[in-house]
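What follows is a single structure, written as structure tokens, with notes after it.
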Amino acid sequence: MLLTTTLADTAPLTGAPPLRIENPATGQLLQEVPCYGAAEVEAAVKRARIAQKAWGALPFNARANALRRLLRAMRDDPVFLPTLVSESGKPRYEAELIEMFYALELTRFYTGKVGRRALRDDIRHPLIFINKRARVVYHPRGVVGVIGPWNWPLLNNFADCIPALLAGNAAVLKPSEWTPLTSLRIATLWRDLGLPDGVFQVVTGGGEAGQALTQLCDMIFFTGSGRVGTMVAKAAGERLIPAVVELGGKSVMIVLADANIERAARAAVWSGFAHSGQVCIRTERVLVEEPVADRFISLCAQEIGRLRQGAPNPSDADTVDIDVGAMTFQPQVDVAEHLIADARARGAKVLTGGARRTDLPGRFFAPTLIADATNEMAVMREETFGPVLPVMRVRDAEEALRIANDSPMGLSGSVWSGSEARACALARRLESGTVCVNDVLVNYLCVEAPLGGVKASGMGVRHGPEGLRQFCRMETVVENRPGFGWLTPIVARYLWFPYEARTLRLMRKFMKVFY
Ligand code: NDP
């Protein structure tokens, strides 16, 4: 479905079969939406390019107000959260208290002081030309293509359009073909609020639509797998357009012997099994110091035993009776099974779960705790992105650090110790985009600070002023400093033709004295 304020559902030009969107917790068909290709993406980008001119020319406050109105409409819409819950299979709790809350907080942050300052002209004073000042102007880039994954239909999809739009760009969003309904609902709300046509559009489709965006937009913000992210970065590189690629992770949790083990175990279980483990910064592997390993593992098993897994009821906003929902993405179930089989074959013990839930109607995988994992096992090296938590015993902090950094990925992690200073020191030595100390996942909600991956986990960041300015093209205008214009012809006399020997002598002295 290509949704703008003027154009609703139209059949794709290629006649591609529609995308069938199902509720993964029940298997029930929710809706069919068109699968658009390159031709429709081209039309959307053209429309965006025209609409962006007026949107980019609006004052910051006008764009900020439009986004605030939209976010409030999403919060208050009776259809929005049920749609998100239905297509993702996650508990309403996670849809509301993680995704919706995050989007509101991000909007509050960016539409406030920090956002205004980040986009305001920045005046800098060069020391050697005291008659001049350099004005850095932040222009919108034009049309930003946002390509999102299926695990966070709001948080890693429309939410990444928020800074792009606020910076004055038009945004064309291509959600995953598994979870496009949340994005479509936002486009409907945008239209119903009377926000400018063409500035925000959603194009439903598969890889072809994503690929077309990389060929047509002025910037790409991609979140997804390393395989596709690399293709996106290559395509952007060939066109010399900026691309932020936020990719997979193998986030580590290091638990030192002096840590609060009860808290660490609860954190491991929450960060390992929230949204059935389909979270990029989730705890993917735990390294625990030998003396506390048995206790930690047994506490994790107890905590897992208390988890309530089942199908969320999308239309019940108030009952909280589920902790762990469904597997949104079918192939992720196969990944979990393969990694568990490999771990078993190499001698690991599967203490809980280990298989899909055949007693539930939809797609569910039982929360799985693996003890005695080793660094050779695939479950410790490849991204699981599912409800599987491997725990490995380590001799000491140094061994933990060596194993933690022995990964091609570097997205996130956490360090646990009774000494905050010791944990912080270790955190600084982790090769990771972000690290939490004695906590987990909260880094995603610290929207004031940049968040992104290193190594194979990506390029670029979201959040912070950095995350807003990257949606801008910078232009430096060097102009006369008020009150110092009289100096300009004098400086030019010495700098310009004809070159004079006395200027050379003078400048040589200057260079000796000052540098
Ligand atoms: P994919 O890379 O498979 O897909 C991501 C998006 O790219 C989808 O919309 C997909 O469309 C689209 N796409 C597919 N092919 C192309 C192409 N050739 N050109 C452009 N776009 C294309 O990732 P998943 O959706 O499976 O997401 C899971 C991954 O995302 C995990 O590795 C996870 O770690 C990562 N992730 C990273 C985060 C971070 O912040 N670092 C946050 C969340 C997830 P379609 O689905 O229709 O095929």
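Scope of the values below: all heavy atoms of this structure, side chains included, with no hydrogens, waters or symmetry mates. By convention here, the first residue in the shown sequence is residue 1. First listed ligand is number 1; within each ligand, the first listed atom is number 1.
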*Option whose closest heavy atom lies nearest to atom 7 (O) of ligand 1, chosen from Trp178, Phe222, Phe329, Tyr444*: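 Heavy atom nearest to atom 7 (O) of ligand 1 belongs to Phe222.
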*Hey, looking at atom 3 (O) of ligand 1, which of Gly249, Gly224, Ser225 has the closest heavy atom?*
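The option holding the nearest heavy atom is Ser225.
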Hey, is [X] close enough to [Y] for a salt bridge, meaning N to O under 4.0 Å?
X	Y	answer
Arg346	Glu376	no
Asp218	Arg239	no
Arg108	Glu448	yes
Asp197	Arg47	no

[X] heavy atom under 4.0 Å from ligand 1:
X	result
Arg462	yes
Gly205	yes
Gly206	yes
Gly148	yes

*Regarding Thr223 and Asn156, is there a side-chain donor-to-acceptor distance under 3.5 Å anywhere?*
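Thr223 vs Asn156: no donor-acceptor pair found between side chains.
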*Short question: side chain of Asn169, backbone of Pro140 - any donor-acceptor pair under 3.5 Å?*
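Side chain of Asn169 to backbone of Pro140: no pair is present.
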*Has the side chain of Arg357 got a donor or acceptor atom that lies under 3.5 Å from a matching backbone atom of Ala326?*
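No.
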Answer with side chain, backbone, both or neither: which part of [X] has a heavy atom less than 4.0 angstrom from an atom of ligand 1?
X	value
Arg227	neither
Thr223	both
Leu247	backbone

_Any N or O of Asn151 closer than 3.5 Å to N or O of ligand 1_ =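 There is no such contact.
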